[in-house]
Amino acid sequence: MAKLYFYYGAMGSSKSANALMAEYNYRERGQKVLLAKTNTDTRDGKNVIRSRIGLERECILLSDICAMSDEEIKEYDAVIVDEIQFAPAKQIDFLAHIVDDLGIPVLCYGLRTDFQLNLFEGSERLLAIADEIKEIKTVCWCGRKATCNARYNKHGIVRSGAQIMLGANDDYIALCRKHFLEGKLSPDDPGDQNRK
């Protein structure tokens with residue numbers, strides 16, 4: 001039975017690498033996969049998914065899948081989408097249609113929350129309707145499980161701004177809740193209370 005999967009994790013938890021490995025596993029078994037990312041993610045180019053560890057694969061955009069007919073989609077054995085947090089709810093609902101009406105599994109990878117601990121639209125919809133929700137874990141600098149995506153600059157943690165700002169290790173760091181709330185980016189960081 002096909003399912004709608006949501007694999008989420010903080011920045012640096014290897015979500016893209018996991019998506020690319022899942023796609024490889026399907027292809028290795030002779031199955032056809034629609035590999036996509038959301039239109040918002042343009043960091044590595046329009047039609048490329050690239051992980052921080054160097055894995056890379058060409059893909060299409062999620063909007064391209066949403067524009068396909070059911071007959072075209074039925075030619076595939078699975079759909080894998082990276083950066084799903086940026087998808088609007090209507091695209092998540094279309095992915096649910098692929099699962100429920102076409103019997104094709106859909107694997108979605110992305111962040112759960114933004115840098116202010118607010119849900120992204122795509123993640124919120126998936127948390128509401130996904131058949132299986134699994135966390136991809138990573139750790140804070142202190143060794144605890146990291147669940148928060150801290151946006152930062154030379155002055156410390158950024159607490160306000162637009163929800164979407166594309167970036168990587170130079171702009172974001174995964175922290176445990178304690179150090180996120182304290183504003184501590186490292187063991188030597190004085191945190192928000194002592195920052196001048």
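As the structure is a computational prediction, the values presented were derived from the model and not from experiment. This chain uses plain numbering: 1 for the first residue, then up along the sequence.
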Let me see the working for K15 and N18 under side-chain contact (heavy atoms from CB on, under 4.5 Å), right down to the final yes or no.
CA-CA 5 Å; K15 296 175 301 298; N18 275 270; 5.7 Å; no
Least distance between heavy atoms, [X] atom then [Y] atom:
X: A2; Y: P105; answer: CB-N, 3.6 Å
X: V33; Y: Y76; answer: C-CD2, 3.6 Å
X: Y8; Y: L111; answer: CB-C, 4.5 Å
X: I49; Y: S16; answer: CG2-CB, 4.3 Å
X: A10; Y: A174; answer: CB-CB, 3.9 Å
X: A87; Y: L62; answer: CB-CD2, 3.8 Å

Using atom types as modelled and distance alone, determine if a side-chain donor or acceptor of [X] lies under 3.5 Å from a backbone N or O of [Y].
X: D82; Y: K37; answer: no
X: D64; Y: L61; answer: yes
X: S14; Y: A17; answer: no
X: N47; Y: C59; answer: yes
X: N118; Y: T113; answer: no

Hey, is NZ on K32 packed in by over 12 heavy atoms from elsewhere, all under 6.0 Å?
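Count over threshold, so yes.
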For the CD atom on E58, are there more than 12 heavy atoms of other groups (residues, nucleotides or ligands in this structure) within a distance under 6.0 Å?
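No.
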Just checking, any donor-acceptor pair under 3.5 angstrom between side chains of D189 and H179?
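Absent: no donor and acceptor within the cut-off.
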Taking the side chain as everything from C-beta on, heavy atoms only, tell me whether [X] gets closer than 4.5 Å to [Y].
X: R57; Y: L35; answer: yes
X: L102; Y: D70; answer: yes
X: D93; Y: I129; answer: yes
X: I173; Y: M11; answer: no
X: P187; Y: C142; answer: no
X: L126; Y: I84; answer: yes
X: L107; Y: V81; answer: no
X: L127; Y: I133; answer: yes

Before you tell me yes or no, could you show the steps for R144 and V139 under side-chain contact (heavy atoms from CB on, under 4.5 Å), namely the whole-Å CA-CA distance, both residues' side-chain angles and the distance that decides it to 0.1 Å?
CA-CA 6 Å; R144 290 186 187 109; V139 295; over 6 Å; no
Using the ring of each side chain (for Trp, its six-membered ring), is Y5 parallel, tilted or perpendicular to Y7, with breaks at 30° and 60°?
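Ring orientation of Y5 relative to Y7: parallel.
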Quick one: do K145 and E135 make a salt bridge, cutoff under 4.0 Å?
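Counted as a salt bridge, because a side-chain N and a carboxylate O are separated by less than 4.0 Å.
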With a 4.0 Å cut-off on N to O distance, would you call R125 and E121 a salt bridge?
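Salt bridge between R125 and E121, a charged N being under 4.0 Å from a carboxylate O: no.
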Any chance you could measure [X], atom [atom1], to [Y], atom [atom2], to the nearest 0.5 Å?
X: L4; Y: I92; atom1: CG; atom2: CD1; answer: 7.5 Å
X: R27; Y: D77; atom1: CZ; atom2: CG; answer: 13.0 Å
X: I98; Y: M68; atom1: CD1; atom2: CE; answer: 8.0 Å

Would you mind telling me which of F6, F115, F86 makes a ring-ring contact (aromatic ring centres under 6.0 Å, His included) with F120?
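Only one of F6, F115, F86 forms a ring-ring contact (aromatic ring centres under 6.0 Å, His included) with F120, namely F86.
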If you apply the rule side-chain contact (heavy atoms from CB on, under 4.5 Å), what do you find for E132 with K134, and how did you get there?
CA-CA 7 Å; E132 288 198 25; K134 297 183 179 183; 3.1 Å; yes
Do L117 and C148 pass the side-chain contact (heavy atoms from CB on, under 4.5 Å) test, and can you show the C-alpha distance, the side-chain angles, and the key distance before you say yes or no?
CA-CA 7 Å; L117 304 185; C148 303; 3.6 Å; yes
Linked, directly or transitively: [X] and [Y] (ILVMFWY side chains, under 4.5 Å):
X: L34; Y: V99; result: yes
X: Y152; Y: W141; result: yes
X: I80; Y: I60; result: no

